[in-house]
Amino acid sequence: MTKIKLCGLTRPEDIECANSLKPDFIGFVFYKKSSRYVSFEKAAELKKLLSPEIKAVGVFIDEDIRDVAYLLGEGIIDIAQLHGSEDEGYISKLRSLTGKPIIKAFRIKGSEDAALVNASGADYVLLDSGAGDGKLLDRNLIKDIKRPYFLAGGLSPENVKEAIDEINPFAVDVSSGIETEKKKDPDKMIKFVKTVREEFKKGNTMNNNDSNPARFGIHGGQYIPETLMNAVIELEKAYNHYKNDPEFNRELTELLNEYAGRPSRLYYAEKMTKDLGGAKIYLKREDLNHTGAHKINNVLGQALLAKKMGKTRLIAETGAGQHGVATATAAALMGMECVVFMGEEDTKRQALNVYRMRLLGAEVIPVTTGTATLKDAVSEAMREWTKRIDDTHYCLGSVMGPHPFPTIVRDFQAVISKEIKEQMLEKEGRLPDAVLACVGGGSNAIGTFYNFINDKEVRLIGCEAAGRGVDTYETAATIATGKLGIFHGMKSYFCQDEYGQIAPVYSISAGLDYPGIGPEHAYLHDIGRAEYVPVTDEEAVQAFEYLAKTEGIIPAIESAHAISYAMKIAPTMSNDQIIVITVSGRGDKDCAAIARYRGEDINE
Amino acid sequence: MSNIYKAFENKKAFIPFITCGDPDLETTGKIVKEAVKNGASLVELGIPFSDPTAEGPVIQGANLRALNGGVTTDKIFDFVKELRKDVTIPMVFMTYANVVFSYGSEKFIKTCSEIGIDGIILPDLPFEEKEEFLPDCHKYGVDLISLIAPTSKDRVAMIAKEAEGFIYLVSSLGVTGTRTEINTDLDSIVKIIRENTNIPCAIGFGISTPEQAKKMASISDGAIVGSAIIKIMAEYGKESPAHVGEYVKSMTDALK
């Protein structure tokens, strides 16, 4: 939902009107030359009148940092908005003084400003057209901005709808557009807020997260053929029933512990820590699970659920083959029929896993349509499900697709962060400073993040596959290069062209080679709770080799993306900081492909 | 309300589906005109999508050929605007939600109304998500067509009550493509539809022969045929208009 900031409030009646409208933010201007200037004392009085769920933002232009820190410290404002020429040094100093959120404002004059905005260390950025003549920012100037932003400058009740349609900002910031003769006008304030919220209702989403379990912010939903609707409704009902059923949970826990080998180890990577010379590094060893990856956590849950629902057949898509192997394994264990769809390209890259699936009794169907990779395997599995629903459960492998899959898969993978938390408290007596995981659809990442989402001091970092680089077409980094869209049953970010045609993405890692990202990740990105960073093929391969040589652990090439980014940030952190990297899978399956990448042909 | 109802006035409707730009828009134009000349009552124009998850191999192939040929949403808009000078029967777009959404939903739907498109069919937009586009469709007078499937069961009445234009009744499970037999109990679904709405209902998916079309139209208000036509287009390419015309004639004759 587009957030709203009503800026430049100066009078008690302005606050009263804001209290009735409940914008997300209001602003006090502390710049003396402004007609909307308020003194510290005046702001303190107004803040007392302000409804506590509305955040007060202080707007400053090159103000003495001690004054800004004082206002934040006293709770007169909740957020500082820096509108002058404050640099990164100013921002980090202010943060160290107060720890409160900071908005840095940028005047956007040319497309080259995008890099500055992307690099800013502030919690939020605000883009100002600077014109003040009711003209909106040129969309072309901001298309390269890859983070959520406040949009300001020239907004009014009349043009805000257009702005949201065209630009879809994180928040809209208005001041003169809600004034008449330099005073805030309640009618205009009401009209502005109503227009934004109507637009939200109409276009972006029907409901917010609390009232609609199918949505994560604006993301998620159920964009699937009518033929499948009763199947997903039936699945949701069954899941809501069994997730609270003690017998189901007992059976699942037993399978996870006795069959899959949980809990997985949280291993202190001492050599890596010393070698990198910064933060203390722990590895969450999902590679040690039965079948060699985190995928089994979700599959055992879904297979058990399917069995309770009376299904006798599992179908699945697979990229690297790990989810396919896990599904084939669960099907063998539970005596179910299994069909796995795998892009033909991936059947070549991951020939060993194809053999494993067949050995386990599954039928593997190579998919030749499109790019013959993971997205085509998902499409084909969906098509198969529309053909045969009664006895078949589609065992989706990631936190993607239509509701309820993103929720079900997340819940089954959340065991990863549940264990990390317990193990970390036991070993270190505190929470980690950052947790890292690779992201394709995002199942091991959401599993790694989930139980830390409310622990705001823990950084959540998702590592996307940049392939040959985010400035090339051969990439699968969705947050870095994608835009909002609707595909594979969900609204989320997707790599696509200007007409919405899904891009033929690329990564050395078959498991991350997907043009979208799960809706909950899209939401965590929107609200700034999780960070998503691109890692190239070359960086991942180097990390693959590094972990093998340094710790004697060969990670999956997917997981190597997270290792790589940890190698970048660990040295910049201090010795008393802790990071956890989830090693989502083991790398045996990748050895032949990495050897080929390094120009060596080995006989498998 | 759009003009869609006219396609069903005093007759059983034959509704051909044609993927725009397969192999090129010039040929698409000729095929549409042939279909109209031979008695089609409403034309479903496909805007190709890279990953059409509700389509079988035949229509997937058409999407791919069209995209490889360089067709885009904008080119199709220009093409339809031109085509409207000669074609007066109702026309609807069939595409996927992302094609509309990424273009800017309002801009897409507004353009539809300006170039004379009467409705939009989106197979990946179920009842629960129709609010995504419905307000703009109402604003610009473009019907958002609802689909009902053999698995809809208790959902049939709910969907039918709010349906606009016509109802697209999916004949069988699975994706688009020709079938030798259609075994769904369509009569009882049509009965529930009739109890809940007055708008017409046409059956699609799997229909290829005049006999099938006749049977489907006898229990509903019309028959929709896609893959069988796309097969002809795939076989004859630029030479396909006359062949499609001949095929459409055999189908419309069967519906008389």
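Here the structure is a predicted model, which is why all the values come from computation and not from measurement. Proteins get letters first, then strands, A, B, ... in listed order; numbering begins at 1 in each.
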- May I ask you to say whether A:Lys491 pairs ionically with B:Glu132, meaning some side-chain N is under 4.0 Å from a carboxylate O? yes
- Message: What part of A:Asp376 gets within 4.5 angstrom of chain B, counting heavy atoms only: side chain, backbone, both, or neither?
- Response: side chain
- Item | Engaged part of B:Leu122 at the chain A interface, taking heavy atoms whose separation is under 4.5 Å | neither
- Message: Using a strict threshold of under 4.0 Å (side-chain N to carboxylate O), is an ion pair present between B:Lys110 and B:Glu114?
- Response: yes
- Task: Return the option, out of A:Ile502, A:Ile233, A:Val378, with the maximum number of heavy-atom pairs under 4.5 Å with chain B.
- Result: A:Ile502
- Message: Check the orientation of B:Phe77 and B:Phe93. Use parallel for under 30°, tilted for 30 to 60°, and perpendicular for over 60°.
- Response: tilted
- Query: Picking from A:Glu380, A:Gln496, A:His488, A:Glu384, which has the most non-hydrogen pairs under 4.5 angstrom with chain B?
  - Reply: A:Gln496
- Message: Is B:Pro48 close to chain A through its backbone or its side chain, or both, or neither, when contacts mean heavy atoms under 4.5 Å?
- Response: backbone
- Item | Identified side-chain contact (heavy atoms from CB on, under 4.5 Å) partner of B:Ile148 from the options B:Ile167, B:Val170, B:Ile203 | B:Ile167
- Message: Between B:Lys153 and chain A, with a heavy-atom cut-off of 4.5 Å, which part of the residue counts as in contact: side chain, backbone, both or neither?
- Response: both
- Message: Contact between B:Tyr96 and B:Leu125 at the side-chain level, heavy atoms closer than 4.5 Å - yes or no?
- Response: no
- Could you check which of B:Asn63, B:Val99, B:Asp74 has the highest count of heavy-atom pairs closer than 4.5 Å to chain A? B:Asp74
- Note on the structure: Checked A:Lys387, A:Met382, A:Glu498 vs chain B; the most non-hydrogen pairs under 4.5 Å come from A:Lys387
- So which part of B:Ser105 gets closer than 4.5 Å to some heavy atom of chain A, the side chain, the backbone, both or neither? neither
- Message: Counting only non-hydrogen atoms closer than 4.5 Å, does A:Thr227 touch chain B with its backbone (N, CA, C, O), its side chain (CB onward), both, or neither?
- Response: both
- Item | Side-chain donor or acceptor of B:Asn98 paired with backbone N/O of A:Gly500 under 3.5 Å | yes
